[in-house]
Number of protein chains: 2
Amino acid sequence: MKYEAITIKDIAKALELSTSTVSRALRDSHEISFETKERVIAYAKEMNYRPNPIALSLKEKRSSSIGVLVSEIANSFFSQAINGIESVAQEHGYNVIIAQSKEDYQREVSALNYLASRSVDGILISVSAGTSDFSNINELYLRGMPLVSFDRVVDHLKMHKVKVDNYKGGYEATKHLIKNGYKNIACIASSAYLSITEERVAGYKDALKSSGMAIDETMIDYCLHSGLIYEEVEAVMARMMKQKNKPDAILACSDKITTNVMRYCQIKKIKIPTKIGLLGFSNLDLTDLLTPSLSVVRQPASEMGRIAAELLIKTIESKRALTTFEEVILPTELFQRASSAKKPKVK
Amino acid sequence: MKYEAITIKDIAKALELSTSTVSRALRDSHEISFETKERVIAYAKEMNYRPNPIALSLKEKRSSSIGVLVSEIANSFFSQAINGIESVAQEHGYNVIIAQSKEDYQREVSALNYLASRSVDGILISVSAGTSDFSNINELYLRGMPLVSFDRVVDHLKMHKVKVDNYKGGYEATKHLIKNGYKNIACIASSAYLSITEERVAGYKDALKSSGMAIDETMIDYCLHSGLIYEEVEAVMARMMKQKNKPDAILACSDKITTNVMRYCQIKKIKIPTKIGLLGFSNLDLTDLLTPSLSVVRQPASEMGRIAAELLIKTIESKRALTTFEEVILPTELFQRASSAKKPKVK
DNA sequence: TTATTTCCCGGTATCGTTTGCGTAAATTGA
DNA sequence: TCAATTTACGCAAACGATACCGGGAAATAA
């Protein structure tokens, strides 16, 4: 079945005018008489005429749509970010096309090809945790595709970047755990490929150092899928809880790692925070309602999306290729709740 | 800046052929000699040629994209549904354009206009809770736009529908609360405009009746924004807790109502389930980790999205207008957890 | 009256692709 | 050897909208 829209030709035929006259009348050109304009506009309104965006796109060589590549839509951080992106896009007359990588490199490559072949005007990228080869993205850049990366940015690529101060987020979170009396703080991070992982872990390490605590590499581990798969978190937790130097607190560096650590502890009946403290990066809306209420480092997801979208649209609409690239760094927010409560001085 | 893609014309010029020959060679037409095909295909591959989808769209009068209208992306149910939609769309070569209504009628109208004017090939609709006038949707139907509604379907409109058995979901949930000893079960539902509200409430009422319990209309209330705004839930709860016949259990009929009731109880320090039992419709992934773990009626969101997308694409690709419409009804799943635990026989 | 300007509007090319039609050259058949 | 067929390609129109170019008619100026 087909949805037949009225075209400028239909109007021209009905009013016995040429298409160019109709076109100009609708765009309020000064070379069209007042009466003709009136007639055309009235008829167009009556017939509910809308210019065909596809024809416009072909003519203007732009599609007025932007692509968004995230690892997973059904993730609180990304759905909030998309929320922000969508509202900015709407304001500027762009539509948003979504693609997911599911934290997989191959899917990311095909998703990017997909978006590029759908001729979007630009792409917002948050790279997948499984991605270590960025040649694909770089190739898009070289071919002139406007790009902005957010959250999981790629340091050495030339493009605008919007991220949070991951180092500080990791530092403050760790400091908070130390202040509350935890002595063996483990860190479970996303894929080591990601710069956000590197930064958060660096913050964690520096916090330990600055408090005169030793860094034990067995207390640091990574999840290639960013915790998307329960089993990868389970494996790390199982290993850590088995080792001699057991953690008494966990700093979880992604949304899914945080909740999966929590799930692990519930399944294994490990009490939080009495047996183990927990503080995680998370953008869930109801961390305050969890058992126990969860201490989190929260990112301004929606705002990141808004800013990234603004930058992308600015890039798209700028006449010439950019030579300088902005890096916007937003603050994280630390919510101290029960899961990282002060440790009782018992031993 | 602009992303310049290679066109069929560029190939034609480079190889000293006509565009039609190139086009036919790429589509493996029998009227092109083997050698010419080889040359064209090799060159196209070398130059990484991709047909311009916009030109295709203009020619074929189809955009290979579908619109999705939901109330809110950052909602677990909808993000899961979009997940399913996106994967099916991808499989069939469609892209997904998202729009949000934020439970507001005016925004829904403009979002629909937006999608229609972006010339999508079809639209998946889950109506906003604030919508009582469906003339807009009906008009789209009359103009021949392929439509499928899911979750929040509109009964009297002619289109495919994908939903869950809301009546049964409400019935079984209420029966479960009754079985666990609750006597004054209140029901907080979404907007009364929605058929899902009607059905869930009907299930609730029939469950009470079948257990010989009276129906008290003061124990039933509605939230126009489906609980999206905390204050509307707060107002209902405050009213109910103040009245003479206080509820000892709540059946919450949407994701946001459920969590906002929980939040209300936490703020007001009303113990769940000792003071009040709670069971809600929800698709959150971590209801098992909440305090207390939350009993929920869960909908197969991703599957609903998949099925709805399949139906829509089938509708789009069918030659002639449909005369019969499918209504797919999926089962809900009841998870019994601590928030609706058996009531102690104390008074 | 004639030349010049102004006002309105139509013709046509264009964006990238597909496709029906036309046709020269090559091949076939008798 | 000549007509008939096949092969292999080019030309041009079409999808919907825009914009440059150009031109007829009326209005103004000389």
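Excluded from the calculations below are hydrogen atoms, water molecules and symmetry mates; all remaining heavy atoms, backbone and side chain alike, are included. In what follows, chains carry the letters A, B, and so on, assigned in the order in which the sequence lines appear, proteins first and then strands, with residues in each chain numbered from 1.
- The side chain of A:Lys9 places an N or O atom within less than 4.0 Å of a non-bridging phosphate oxygen (OP1 or OP2) of D:dC15.
- Each of B:Ser117, B:Ser119, B:Ser57 was evaluated against A:Pro53; a single residue qualifies, B:Ser119, per the side-chain contact (heavy atoms from CB on, under 4.5 Å) test.
- Residue A:Ile54 contributes atom CD1, which lies 12 Å from atom C1' of D:dA17 at whole-angstrom precision.
- In this view, B:Ser20 and B:Ser18 satisfy the side chain to side chain donor-acceptor pair (under 3.5 Å) rule, not counting sequence neighbours.
- Within 6.0 Å of atom OH in B:Tyr49, more than 12 heavy atoms from other residues, nucleotides or ligands are found, so the atom counts as buried in its surroundings.
- Using a 4.0 Å cut-off, some side-chain N or O of A:Ser23 falls inside it from OP1 or OP2 of D:dT18.
- Using a 3.5 Å distance cut-off with no hydrogens or angles, the side chains of A:Arg50 and A:Asn48 do pair a donor with an acceptor.
- Comparing C:dT17, D:dA17, D:dG10 by their closest approach to the side chain of B:Asn52 singles out C:dT17.
- As judged by a 4.0 angstrom heavy-atom cut-off over every strand, B:Arg62 is placed among residues making no nucleic acid contact.
- Rounded to whole Å, atom P of C:dT19 lies 15 Å from atom NZ of B:Lys61.
- Of the candidates D:dC9, C:dG10, D:dC15, D:dC9 carries the atom nearest the B:Thr21 side chain, counting heavy atoms from C-beta on.
- A sub-4.0 Å separation between OP1 or OP2 of C:dT18 and a side-chain N or O of B:Arg27 is present.
- One interatomic measurement links the two molecules: CG of B:Leu15 to P of D:dC9, which rounds to 11 Å at whole-angstrom precision.
- Within 6.0 Å of the NZ atom in B:Lys37, the count of heavy atoms belonging to other residues, nucleotides or ligands exceeds 12.
- Distance B:Asp10 CG to C:dG16 P: 8 Å, rounded to the nearest Å.
- Taking a 4.0 Å limit (strictly below) on heavy-atom distances, residues 29-40 of chain A reaches DNA chain C at A:Glu31, A:Ile32, A:Ser33, A:Thr36.
- The side chain of A:Tyr49 places no N or O atom within less than 4.0 Å of a non-bridging phosphate oxygen (OP1 or OP2) of D:dG16.
- Nearest to the side-chain atoms of A:Ser20 among the listed nucleotides D:dA19, D:dA17, C:dT17 stands D:dA19.
- Rounding to whole angstrom units, CD1 of residue B:Ile8 and C1' of C:dT17 are separated by 6 Å.
- For C:dG16, neither phosphate oxygen OP1 nor OP2 lies less than 4.0 angstrom from any side-chain nitrogen or oxygen of B:Thr7.
- Between the side chains of A:Arg107 and A:Ser128, no donor-acceptor pair is found at a separation under 3.5 Å.
- Mapping B:Pro51 and B:Arg24 onto DNA chain C by nearest heavy atom places B:Pro51 at the nucleotide closer to the 5' end.
- Rounded to whole Å, atom C1' of D:dG10 lies 14 Å from atom CD of B:Glu16.
- Note: A:His160 and A:Phe150 fail the aromatic proximity criterion, with ring centroids not under 6.0 Å apart.
- Separating the CD atom of B:Glu60 from the P atom of C:dT17 is a distance of 12 Å, rounded to the nearest angstrom.
- Between B:Asn83 and A:Lys102, the side chains place a donor N or O and an acceptor N or O closer than 3.5 Å (distance only, hydrogens not considered).
- For B:Ser18, taking side-chain heavy atoms from C-beta onward, the closest of the listed nucleotides D:dG10, C:dT17, C:dT14 is D:dG10.
- Here D:dC15 presents its P atom at 15 Å from CD1 of A:Ile6, a figure rounded to the nearest Å.
- Counting any heavy atom pair closer than 4.0 Å across all strands shown, A:Leu17 reaches sugar-phosphate atoms only and no base atom.
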